[in-house]
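To find a chain, count down the sequence lines: A is the first, B the second, and so on, and within it residues start at 1. The basis for the numbers below is simple: all heavy atoms, side chains too, and nothing from hydrogens, waters or symmetry mates.
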There are 2 protein chains.
Amino acid sequence: MKKISRRTIPRTLLYLRTLESLIKEGRYTVSSGELARITGLTDVQIRKDISNFGRVGTPRIGYKTRELKNILKDYVLPENIIRMVLFGAGSLGTAILKYPGFRKQRLKISAAFDKDKRKTGKTINGVKVYPVERAPEVIRKSRVDIGIIAVPSEHGQEVADLMVGSGLKGIVNFAPVSLNLPENVSARDIDLSIEFLALYCDTRM
Amino acid sequence: MKKISRRTIPRTLLYLRTLESLIKEGRYTVSSGELARITGLTDVQIRKDISNFGRVGTPRIGYKTRELKNILKDYVLPENIIRMVLFGAGSLGTAILKYPGFRKQRLKISAAFDKDKRKTGKTINGVKVYPVERAPEVIRKSRVDIGIIAVPSEHGQEVADLMVGSGLKGIVNFAPVSLNLPENVSARDIDLSIEFLALYCDTRM
DNA sequence: TACTGTGAAACGGTTCACAGCC
DNA sequence: GGCTGTGAACCGTTTCACAGTA
């Protein structure tokens, strides 16, 4: 398996999303030019990205939607379901629990945790909310891959420590705080204020 | 005003967030090395970024936290409040309306819109929910800068068209669909499935 | 002809190595 | 000595230009 450059991965996931919608529309083939028009990327970039996965297109015709989808899936999605746990069942946490479209992508939230006793014990969209103390036990029992932090920023680091201690190797952090993590744990920070402010700067240029 | 490279902007916003927390702790100075340790970036990168804004540090001491904060703010934040509107008062929209920490960053959601009559008329966290039809009028009246899409993906494009028609120049899109937008409108797409899947790929490398 | 695939050039951004300074 | 500031080297990524092909 060839080495795929860091930034082609999210783009490939975007192609996958686009292909799924084209297939639903009944399309059999699509060209790099059309994918470019839809996604806002360039046709060359799309061809370069796809060429990582082999020679799969046909000159004069383009790519077969189903075939390309399957090939991209092989490279970029796992065989099995990706299991996640969520910390913080406030309004953001609840929105994530109710987010539609995870199942289709082989993503599943196995459990949620909260320290507020009024929230624990409930089930939100089929996911049970446990007290935080039970996190290590539940995480280990259910082979979780990724943890999501949706707690107030004061508690971000302690939750991260709990996750690392329970063996999680990937963290998506919605708390506006920088986490101190060991080298071997990957993280993705989503700070809504920063997203909005950065976009605003873009509009001024 | 010197030209600032595209990727230093979100980092600068991150420095700002970090400085604010250091100032709250009572810190007067901080070195690039310490900022690096906190944020997970490198010290050189931080110095390079800051050097865009002038010679502001002191050898042997570092940066004065308050002074640096004010300088960064001048370059990267506007004088006035940034006004936003939200489309879609479902669970994700509600979570955004309740998100704490916008005010501190001069961000404000002026109004929300939904097509579901059961949701319109309500006030969520002080923000009124209007029927979508009233969007152009409300947007124009209140000098809005940014629009947020938190509707189901089927309605993403129509909402985007409505925003563009009302004169918005920046869109943050949480719907997992590619928007067709004119050149002069900036957009930032946040597809939660893609974020989680891309992180998962990171953990496998 | 209208597409894919790709080596090579160009670009942008990060890192290096070190000068300058208190 | 321990910090900042920065030109130059380096590196990954994107774009260009064009060869290949049904």
Rounded distance (Å) that lies between atom [atom2] of [N] and atom [atom1] of [X]:
X: R6(A); N: dT14(C); atom1: CZ; atom2: P; result: 13 Å
X: I4(B); N: dG12(C); atom1: CD1; atom2: C1'; result: 16 Å
X: Y15(A); N: dT4(C); atom1: OH; atom2: P; result: 12 Å
X: E34(B); N: dC3(D); atom1: CD; atom2: C1'; result: 13 Å
X: L68(B); N: dC3(D); atom1: CG; atom2: P; result: 16 Å
X: I71(B); N: dT4(D); atom1: CD1; atom2: C1'; result: 14 Å
X: K64(B); N: dC22(C); atom1: NZ; atom2: P; result: 13 Å
X: E67(A); N: dT4(C); atom1: CD; atom2: P; result: 13 Å

More than 12 heavy atoms of other residues, nucleotides or ligands under 6.0 Å from [atom1] of [X]: yes or no?
X: R143(A); atom1: CZ; result: no
X: R6(B); atom1: CZ; result: no
X: R66(B); atom1: CZ; result: no
X: E79(B); atom1: CD; result: no

Checklist entry - Near DNA chain D, under 4.0 Å by heavy atom, which residues of residues 46-61 of chain A? => result K48(A), P59(A)
Checklist outcome for this item: Residues in residues 36-44 of chain B with a heavy atom under 4.0 Å of DNA chain D, by number, are V44(B)
Checklist entry - Is the shortest side-chain N/O distance from S31(B) to OP1 or OP2 of dC3(D) below 4.0 Å? => result no
Item to check | Non-hydrogen side-chain atoms of T29(A) and T58(A) separated by less than 4.5 Å | outcome: no
Checklist entry - Which value, rounded to the nearest 0.5 Å, describes the distance between F174(B) atom CZ and I190(B) atom CD1? => result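 Reported value, rounded in 0.5 Å steps: 4.0 Å.
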Checklist entry - Looking at D74(A), T12(A), L68(A), which one forms a side-chain contact (heavy atoms from CB on, under 4.5 Å) with F53(A)? => result T12(A)
Checklist entry - If you find the nucleotide of DNA chain D closest to T8(A) and the one closest to G62(B), which residue's nucleotide is nearer the 5' end? => result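 Taking each residue's closest nucleotide, the earlier one in sequence belongs to G62(B).
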Checklist entry - Are R17(B) and E20(B) ion-paired here, with the side-chain N under 4.0 Å from a carboxylate O? => result no
Checklist entry - Under 30°, 30 to 60°, or over 60°: which ring-plane class applies to F113(A) and Y130(A), parallel, tilted or perpendicular? => result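 Ring orientation of F113(A) relative to Y130(A): tilted.
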